[in-house]
Amino acid sequence: MPPKKKPKNVDMKLNFDFYNVPCYNLANFLLGKLLVRRIGDDILKGRIVETECYLGGEDKASRSFGGRRTTANEPMYMQPGTAYVYMTYGMYHCFNISSAGPGAAVLLRAIHPIENIDIMTEFRGKNCKSKSKKFKIDELGNGPSKLCMSMSIDKETSNKLDLCTSDTLWIEEDLDYDNDFKTVISSRIGIDSVGEEWAKKPLRFYILGDSSVSKRDKQAENQFLDLPKS
């Protein structure tokens, strides 16, 4: 079970013990928590609604597959709770968090904007080809690179940060959110090239019904159709 909520008069920033768990557990525990980014005097917040687990070792989709260790993926081997930010396609950033286990990390795939949405919209617009595009709230963080754009997370400013001690990027409890949500378990996205076995592993997790999820798996959601409404 994920750690219980703390009283409101206690610092909500999650500590080392929260991250020091197996990758699969951390990917689930992060759902419903708040990703917080401080930029100057501004605090941006987004609720984590979708994650993917990368196990390292035998996981062919992991950047640390086979124990591969390089300067680039070093954060995956650092202590749990370390930010791993890398670039994909030479232009987009992705934000991961190291967990227990060598080379294991969780990719944040989507957030639901909560605080300072106007600033997040401005950041998102700076990275859009069409400068006149108007973004809906659920378009700001509905993908791993989109959430990095909206939260101004990049390799230069955020890679290798210790989320337990950083004052610019961290994860905290969300006391205003009902954690009695349902979690959809599905396969990861965009990794077909690693082969069917690992491409179909159920290692993606998202909050059922949240509009900021990057891609719904309707077949996986069918398991909830006959459940009584809470």
Side-chain angles (χ1 to χ4, degrees), residues 2-16 18-19 26-52 81-85 92-97 106-128 131 133-159 161-183 205-215:
K4 294 181 180 180
K5 289 183 176 181
K6 302 174 183 178
K8 284 195 173 184
N9 62 346
V10 177
D11 182 9
M12 292 295 99
K13 184 185 293 187
L14 298 174
N15 61 25
F16 176 78
F18 176 86
Y19 300 103
L26 182 59
N28 280 276
F29 293 172
L30 283 166
L31 293 178
K33 301 298 188 289
L34 290 175
L35 173 63
V36 185
R37 178 82 164 103
R38 182 195 299 274
I39 303 174
D41 294 329
D42 297 315
I43 297 289
L44 314 181
K45 293 186 179 183
R47 182 178 301 116
I48 299 169
V49 298
E50 183 180 0
T51 61
E52 282 184 346
T82 299
Y84 171 38
V85 184
Y92 298 116
H93 288 95
C94 292
F95 171 46
N96 306 256
I97 302 172
V106 175
L107 170 69
L108 300 195
R109 275 205 61 89
I111 57 170
H112 190 104
I114 298 296
E115 190 170 315
N116 272 324
I117 296 174
D118 56 335
I119 298 176
M120 295 174 69
T121 302
E122 181 180 349
F123 283 140
R124 180 80 169 84
K126 290 179 180 179
N127 293 277
C128 182
K131 300 302 180 184
K133 179 176 173 58
K134 303 296 183 181
F135 294 99
K136 297 177 181 178
I137 290 179
D138 56 14
E139 293 178 324
L140 295 177
N142 61 334
S145 296
K146 293 177 184 178
L147 76 84
C148 284
M149 294 177 194
S150 298
M151 300 288 273
S152 191
I153 294 173
D154 56 38
K155 190 172 181 179
E156 181 179 356
T157 62
S158 305
N159 192 43
L161 287 180
D162 181 352
L163 302 183
C164 302
T165 60
S166 173
D167 62 358
T168 60
L169 183 66
W170 66 90
I171 310 290
E172 68 182 30
E173 292 279 7
D174 185 355
L175 296 181
D176 297 319
Y177 186 59
D178 182 3
N179 280 319
D180 189 26
F181 55 78
K182 295 178 176 61
T183 300
F205 313 93
Y206 66 86
I207 294 177
L208 178 68
D210 194 282
S211 60
S212 291
V213 169
S214 68
K215 185 177 181 180

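- By the side-chain hydrogen bond (donor to acceptor under 3.5 Å, both in side chains) test, Asn96 pairs with no residue at all, sequence neighbours left out.
- With sequence neighbours left out, Glu172 forms a side-chain hydrogen bond (donor to acceptor under 3.5 Å, both in side chains) with Lys45, Trp170.
- Here the side chain of Arg38 pairs no donor or acceptor atom with the backbone of Leu169 at under 3.5 angstrom.
- Shown here for Leu107 and Pro144, the closest heavy-atom pair between the two residues is CD1-CB, 4.2 Å.
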(request) Report the C-alpha distance between Leu35 and Leu30 in whole Å, list the side-chain angles of each, state the deciding distance to 0.1 Å, and finish with yes or no for side chain to side chain contact (heavy atoms under 4.5 Å, CB included). (result) CA-CA 9 Å; Leu35 173 63; Leu30 283 166; over 6 Å; no

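- Looking at every heavy atom in both residues, Phe95 comes nearest to Ala83 through CE1-CB, 3.6 Å.
- Note that CD1 of Ile153 and OG of Ser145 are 11.0 Å apart. Values are rounded to the nearest 0.5 Å.
- The ring pair (Phe, Tyr, Trp, His ring centres under 6.0 Å) test applied to Tyr206 returns no partner, not counting sequence neighbours.
- Residue Ile39 holds its CD1 atom at 7.5 Å from CD1 of Ile119, rounded to the nearest 0.5 Å.
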(request) Applying side chain to side chain contact (heavy atoms under 4.5 Å, CB included), run through Thr168 and Leu161 and close with a yes or a no. (result) CA-CA 9 Å; Thr168 60; Leu161 287 180; 3.7 Å; yes

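- Panel note: side chain Asn159, backbone Val85; a donor-acceptor pair is recorded below 3.5 Å.
- For Leu208, the CG atom is densely surrounded, since the number of other residues' heavy atoms within 6.0 Å is greater than 12.
- Annotation: side-chain hydrogen bond (donor to acceptor under 3.5 Å, both in side chains) contacts of Lys146 (sequence neighbours excluded): Asn142.
- The minimum heavy-atom distance linking Asn15 with Tyr19 is given by the pair O-CD1, 3.3 Å.
- Lys33 places a side-chain N or O within 3.5 Å of a backbone atom of Phe29 that can act as its donor or acceptor partner.
- A donor-acceptor contact shorter than 3.5 Å links the side chain of Lys13 to the backbone of Ser166.
- Residues that satisfy the side-chain hydrogen bond (donor to acceptor under 3.5 Å, both in side chains) test with Ser214, not counting sequence neighbours, are Glu50, Arg109.
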With a 3.5 Å cut-off and sequence neighbours excluded, list the donor-acceptor pairs that the side chains of residues 111-118 form with protein atoms.
from   : atom 1 : to     : atom 2 : distance (Å)
His112 : ND1    : Asp210 : OD1    : 3.2
His112 : ND1    : Ser212 : OG     : 3.2
Asn116 : ND2    : Ile43  : O      : 2.8

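- The backbone N or O of Asp162 lies less than 3.5 Å from no partner atom in the side chain of Thr82, so there is not a single donor-acceptor pair.
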